[in-house]
Amino acid sequence: MAGIGHNGAPAEPTELLRTAQVYALLQDACTAAGGQKAWAEAHGLSAQHVNDVLATRREISDRVLAAIGLRRVVRYAQVSISTLGSRAA
């Protein structure tokens, strides 16, 4: 996991994870803690929130990400104008 850069800003991530990997990390953390309820309580979250995240009924929150040592990073990729077709605004 990336730390703080030399100018105080967050450093670039060392590895970008796929969503499935994030769910696996959360599941592993819950298992290691003795279950979803135990993990949730240890991190000040409700067991229902953690269960909803793992069941994909709720988006992975920043609080859950922080508790497993991650942060959300948004990336954009440039595409050719011709691939946008009539959807271009």
Side-chain angles (χ1 to χ4, degrees):
M1 186 60 222
I4 302 298
H6 70 279
N7 62 357
E12 282 297 309
T14 56
E15 178 183 4
L16 295 175
L17 304 177
R18 297 188 181 278
T19 304
Q21 293 171 293
V22 177
Y23 283 111
L25 287 172
L26 177 57
Q27 184 61 59
D28 290 348
C30 288
T31 300
Q36 293 175 16
K37 183 177 183 200
W39 187 87
E41 288 176 354
H43 296 282
L45 299 162
S46 74
Q48 186 63 55
H49 178 83
V50 174
N51 183 268
D52 285 348
V53 168
L54 285 169
T56 68
R57 289 186 295 264
R58 183 182 293 238
E59 184 177 332
I60 303 168
S61 67
D62 290 339
R63 289 182 63 199
V64 168
L65 290 172
I68 57 175
L70 301 175
R71 68 178 168 97
R72 188 177 321 275
V73 177
V74 178
R75 297 284 183 168
Y76 297 93
Q78 187 171 15
V79 295
S80 169
I81 298 297
S82 64
T83 64
L84 295 177
S86 62
R87 295 184 311 180

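We count residues from 1, following the sequence as given.
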task: Report the distance from atom CG of L17 to atom CG of L65, rounding to the nearest 0.5 Å.
output: 10.0 Å

- prompt: Does Q48 reach the side chain of R58, with side-chain heavy atoms less than 4.5 Å apart?
  reply: no

- line: residues 40-50 vs salt bridge (charged side-chain N to carboxylate O under 4.0 Å, His left out), sequence neighbours excluded, gives K37-E41

- request: Can you sort out the partners of R72 under salt bridge (charged side-chain N to carboxylate O under 4.0 Å, His left out), two or more places apart, ordered by chain and number?
  value: E59, D62

- request: Could you pull out all residues at least two apart from T19 that satisfy side chain to side chain contact (heavy atoms under 4.5 Å, CB included)?
  value: Y23, I60

task: For L16 and Q21, work out which heavy atoms get closest and say how close.
output: O-OE1, 4.4 Å

message: Quick one, V64 with V22, criterion side chain to side chain contact (heavy atoms under 4.5 Å, CB included). Give me CA distance, side-chain angles, the key distance, then yes/no.
response: CA-CA 10 Å; V64 168; V22 177; over 6 Å; no

Pairs where residues 16-29 contributes a residue and the test salt bridge (charged side-chain N to carboxylate O under 4.0 Å, His left out) is met, not counting sequence neighbours: none

Pairwise ring pair (Phe, Tyr, Trp, His ring centres under 6.0 Å) hits with a residue in residues 40-61, at least two apart: W39-H43

query: Rounded to the nearest 0.5 Å, what separation is found between the CD atom of Q36 and the CG atom of D52?
result: 9.5 Å

- line: Minimal heavy-atom distance between A38 and A33, with the atoms involved, is CB-O, 3.3 Å

